[in-house]
Amino acid sequence: MKVRDCLTSVAQGTPADRLDREVMLAHVLGKTRSWLYAYDDDLLEPVQVEGYQQLLQQRQSGQPLAYLLGYRDFWDHRFVVSPDCLIPRIETELLVERCLECLPKDQPCQILELGTGSGAIAISLALERPDCQIVATDASASALALARHNAHQLSAEQIDFRLGDWYAPVNQTSFDLIVSNPPYIRSDDPHLLRGDLPAEPSQALVAGIDGLDAYRQIIPGSLGYLSAHGSLLLEHGHDQRADLISLCQDAGFKQIEIHDDLSGVPRVVIAGRG
Ligand code: GLN
């Protein structure tokens, strides 16, 4: 079978299917997607065709592309992912962007990330701000192992990874910035049955009947760990803007801003004592 023949079968289906399939074929061949088009006359080894078809089958049975490939690109980096962690989302780059804007430019800062998963947020911040110290927690030992692996691979050595629920493993109390992309989906949300979500750890997705359980711990809890001028930055769901504002106000935050993601969806709350 030639590359072209695989690409022809790729031509069927939606554009998303096509992109996924090109990525899988390129992955099996160890080439880029543009290589597939430049060398579409090349003959594939039977083992390559077999590898491709195996991936295709797993993808069709609902396995997320990121888990099949074993990585997901986020910010400027490639993160190893597995079913032990949430797959980093492009919209979460807004959280990283806003964190970098909130951090004072001219002084080393202390950052706390809660529920680090693959480590994508903490590591992206660490690589942008090597002068900052970061503590990153997660309640899942296997997710934390993945985060440690990613930090090591990407040479982000200044992160102190700690196992435990939210603030439980944290023994330092004056962070300039606390950041989290916690679980925020309602337990009966039909989205949990679509796309990649059924394959992802529900611990990283679901937060009680109204999706706010994690915020109820993180938001009031943050006051015991934030410095006087520190900021709390949280990703939230598309319809949780008002809930997040109320929770931050109830906790005593005076300065509260909501930021939209690139699709114009309210996505990040920034709270400070004011
Ligand atoms: N943004 C993700 C989604 O809706 C959920 C991630 C999360 O709960 N933090 O698929």
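Both ligands and their constituent atoms are indexed starting at 1 by order of listing. We use all heavy atoms of the structure for the numbers below, so side chains are in, but hydrogens, waters and symmetry mates are not.
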* Check the pair D210 / Y215 against side-chain contact (heavy atoms from CB on, under 4.5 Å), numbers first and verdict last. => CA-CA 11 Å; D210 62 359; Y215 299 124; over 6 Å; no

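Atoms of ligand 1 found under 4.0 Å from any heavy atom of A204, numbered from 1 in the order shown, are 7 (C), 8 (O). Proximity to E235 (heavy-atom distance under 4.0 Å) selects the following atoms of ligand 1: 1 (N). Near N181, with a cut-off below 4.0 Å to any heavy atom, the atoms of ligand 1 are 7 (C), 9 (N). Proximity to L197 (heavy-atom distance under 4.0 Å) selects the following atoms of ligand 1: 10 (O).
A salt bridge links R216 with D213: at least one charged nitrogen is closer than 4.0 Å to a carboxylate oxygen.
Remark: minimum distance from atom 4 (O) of ligand 1 to any protein heavy atom is reached at I185 CD1, 3.9 Å. Atom 8 (O) of ligand 1 has its closest protein heavy atom at Y184 N, 3.3 Å.
The side-chain heavy atoms of Y167 and S222, taken from C-beta on, include a pair separated by under 4.5 Å.
Using a distance-only test at 3.5 Å, with no hydrogens or angles considered, no donor-acceptor pair links the side chain of R59 to the main chain of L68. A distance-only check finds no donor-acceptor pair linking the side chain of D165 to the backbone of A139 [under 3.5 Å].
The closest heavy-atom contact to atom 9 (N) of ligand 1, among the options G117, P182, P183, comes from P182. Of the listed options E200, R89, H236, R89 places a heavy atom closest to atom 2 (C) of ligand 1.
At a 4.0 Å heavy-atom cut-off, ligand 1 does not touch H191 at all.
Partner of F253 under the side chain to side chain contact (heavy atoms under 4.5 Å, CB included) criterion, chosen from L226, V269, L247: L226.
Heavy atoms of other residues, nucleotides or ligands lying less than 6.0 angstrom from CZ of R129 number more than 12.
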